[in-house]
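To start, the structure itself, in structure tokens.
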Amino acid sequence: MTRLPALCLVLLLSACSLLGGDELEQVPIGGEPTLDGVPRALWPYYQQTLDWRECRGSFECATLEVPLDYAKPRGRTLELSVLRRPADGDPIGSLVVNPGGPGGSGVGYAAAGSSYFGRALLRSFDVVGLDPRGVGESSPVECVGDDQLDAFIASDPDPDSKAEFRRGHRLARAFFAGCMRRDPALAQHVSTVEVARDLDVLRFALGHAKLTYFGASYGTFLGATYADLFPANAGRLVLDGAIDPTLSNVDESLAHARGFETALRAYVGACVEAGSCFLGDSVDDGAARIATFLQDLDSSPIAGSADRQLTEGLALYGIWAPLYDRGYWDLLDNALQAAFEGDGSQLLALSDAYTRRGPFGYTDNTMQALIVVNCLDHDDPVPDSEIPALLPRFEEASPTFGRILASGLGACGDWSVDGAKGGKELVAAGSAPILVVGTTRDPATPYEWAVALAEQLENGVLLSRDGDGHTGYRSGNACVDDVVERYLVSGIVPEDGTDC
């Protein structure tokens, strides 16, 4: 999941010079696209014309048609929603963006571009967002209704009895059965590889020889997958908050455990350092206080709203959400203090923001798409019988969240659809330089993932931000912002290993 929407520490090269966006040289990135390498059966999709129309006030919208199954291009098709935010100046091209998830709306990301992207990018590019297949306005995957999704999300994340494990599996089976009952073909064709192929159709329809792209969080996996499939078509790609595609289900969950523990301890440490911390007098005490609170909710949920209780599962999301952005730590302070006194309303509100739940139900299908896409991309669930043996590793990685993350290893095992085996290096042999951004205390995409992806990509270039929160660009570090914008606008590739 991505962020719900300082100075440079070390300057290693002149590209990180803190010059303002107005001083960037705009380098055209166009060129005539060709159909070389595209199977003839796909030509009609590549040759389509986007019919732009005004929408949402000052934006332009269009529909992109793609095959449901690229192996059967003459079969069922999907219509994908595209939004363009015209450049504030003379555009040098299109910047295609994805906010992560999986399940995040590219359309919404582009529409909110003024909040997410700097002036240099907004002046130089038409910012283009695509709702991936199965997401938002692009044939959204919908497996269950709001009541069932509520039960699924609020369920016990740390089952400690056979009965609790059975209940969790019943909820998961009901979810996946709903996917296959409502639209089984769609549910089996929303993988990241298929979305990456859609991006290449979009690139051609936009009239570009190469794709210029900014992807955050899961959007880095999508961008790296695109570059590996179409290295000759990969132009300037920024992958911010990178995912390591080689990790198994177990190793990825272990890294998440370490990442969230690191972020939590940074949060508690800031409280302790400020003095009179409500969590305790040390980081260990504060982390233990939060762990005990979660455990108490397992047996005794507290009031969250007029008709909903704050369960351990919902509290977990409420705690995780502010760890994505240091600017939200004050909110977490207030929410935890209230919850310790029996009022879970603020923590429930943070949880709802994380899961996209409004006062009258879910505002989009983000959570449902996230589950389906993840299970299609990673086909290595762990049987319940093997989880106890893994607990020591997870508890060592995260005393607070380890058991919870270990318990979720079998989630996709309740679906009968075979997904990708995962664990594949994405090399993108022969591509242009690809900029990979990692943040040292990122809870959701740990820094070592960015290091690993930059090493795997044949032409990966690592940019590091020393800081808290999820992703690096526009996170208060002028050095990172400057390097990213110079790369995208002027094609200036920083030295591999640049630290900010």
Side-chain angles (χ1 to χ4, degrees), residues 1-7 9 157-158 241 255-298 300-304 310-355 394-405 438-447 465-472 474-477:
M1 302 282 288
T2 63
R3 188 168 40 215
L4 297 178
L7 296 174
L9 299 178
D158 180 18
H256 273 138
R258 287 190 292 268
F260 276 105
E261 187 72 25
T262 297
L264 180 76
R265 294 177 78 85
Y267 159 72
V268 175
C271 180
V272 171
E273 185 176 345
S276 301
C277 179
F278 72 98
L279 292 167
D281 296 328
S282 70
V283 172
D284 287 342
D285 288 345
R289 176 70 180 90
I290 292 172
T292 299
F293 167 67
L294 288 171
Q295 291 164 10
D296 289 344
L297 287 178
D298 185 15
S300 301
I302 62 176
L310 182 72
T311 65
E312 182 185 11
L314 293 172
L316 179 70
Y317 288 123
I319 292 169
W320 279 357
L323 296 181
Y324 278 60
D325 190 326
R326 186 169 184 141
Y328 296 141
W329 285 5
D330 287 344
L331 297 179
L332 183 54
D333 285 346
N334 296 333
L336 283 174
Q337 290 179 75
F340 291 168
E341 297 297 323
D343 177 6
S345 59
Q346 294 181 56
L347 209 51
L348 180 62
L350 289 171
S351 174
D352 285 348
Y354 191 88
T355 60
F394 276 83
E395 290 176 324
E396 180 182 3
S398 173
T400 313
F401 306 121
R403 289 185 59 88
I404 291 171
L405 286 162
T439 294
T440 55
R441 292 180 295 281
D442 189 320
T445 52
Y447 175 71
R465 176 176 79 94
D466 181 22
D468 299 290
H470 185 37
T471 70
R474 299 278 286 177
S475 295
N477 188 309

Pairs flagged by side chain to side chain donor-acceptor pair (under 3.5 Å) wherever residues 330-339 is involved - sequence neighbours left out: Tyr267-Asp333
Looking at residues at least two apart in the chain, or sitting in another chain, which of them share a side chain to side chain donor-acceptor pair (under 3.5 Å) with Tyr447? Ser464
Enumerate the residue pairs fulfilling salt bridge (charged side-chain N to carboxylate O under 4.0 Å, His left out) with a member in residues 260-276, sequence neighbours excluded, ordered by first and then second residue. Glu261-Arg265, Arg265-Asp284
Does Thr311 have any side chain to side chain donor-acceptor pair (under 3.5 Å) partners at least two apart in sequence or in another chain, and if so, which? none
Heavy-atom closest pair (Leu294 atom, Ile319 atom, distance to 0.1 Å) is CD2-CD1, 4.0 Å
Nearest heavy atoms of Ala315 and Leu297, plus distance in Å: CB-CD1, 3.4 Å
Can you name the salt bridge (Lys or Arg N to Asp or Glu O under 4.0 Å) partners of Glu395, sequence neighbours left out? Arg403
Could you check whether the rings of Phe278 and Phe340 sit parallel, tilted or perpendicular, using 30° and 60° as the cut-offs? tilted
Enumerate the disulfide (SG to SG under 2.5 Å) contacts for residues 311-345, please, sequence neighbours excluded, ordered by first and then second residue. none
Give every residue pair that meets the salt bridge (charged side-chain N to carboxylate O under 4.0 Å, His left out) criterion with at least one member in residues 344-355, sequence neighbours excluded. Arg308-Asp352
Listed partners of Ala338 passing side chain to side chain contact (heavy atoms under 4.5 Å, CB included), at least two apart: Asp343, Gln346
Across all chains, not counting sequence neighbours, the side chain to side chain contact (heavy atoms under 4.5 Å, CB included) partners of Ala397 are Leu254, Ala257, Arg258
Applying side chain to side chain donor-acceptor pair (under 3.5 Å), name anything that partners Asp285, two or more places apart in sequence or on another chain. Ser282
Among pairs that include at least one residue of residues 259-292, which meet disulfide (SG to SG under 2.5 Å), considering only residues two or more places apart or in two chains? Cys271-Cys277
Can you list the residues that meet the side chain to side chain donor-acceptor pair (under 3.5 Å) rule with Arg326, with sequence neighbours excluded? Asp468
Mind telling me whether Tyr317 and Trp320 have parallel, tilted or perpendicular rings, with 30° and 60° as the class edges? perpendicular
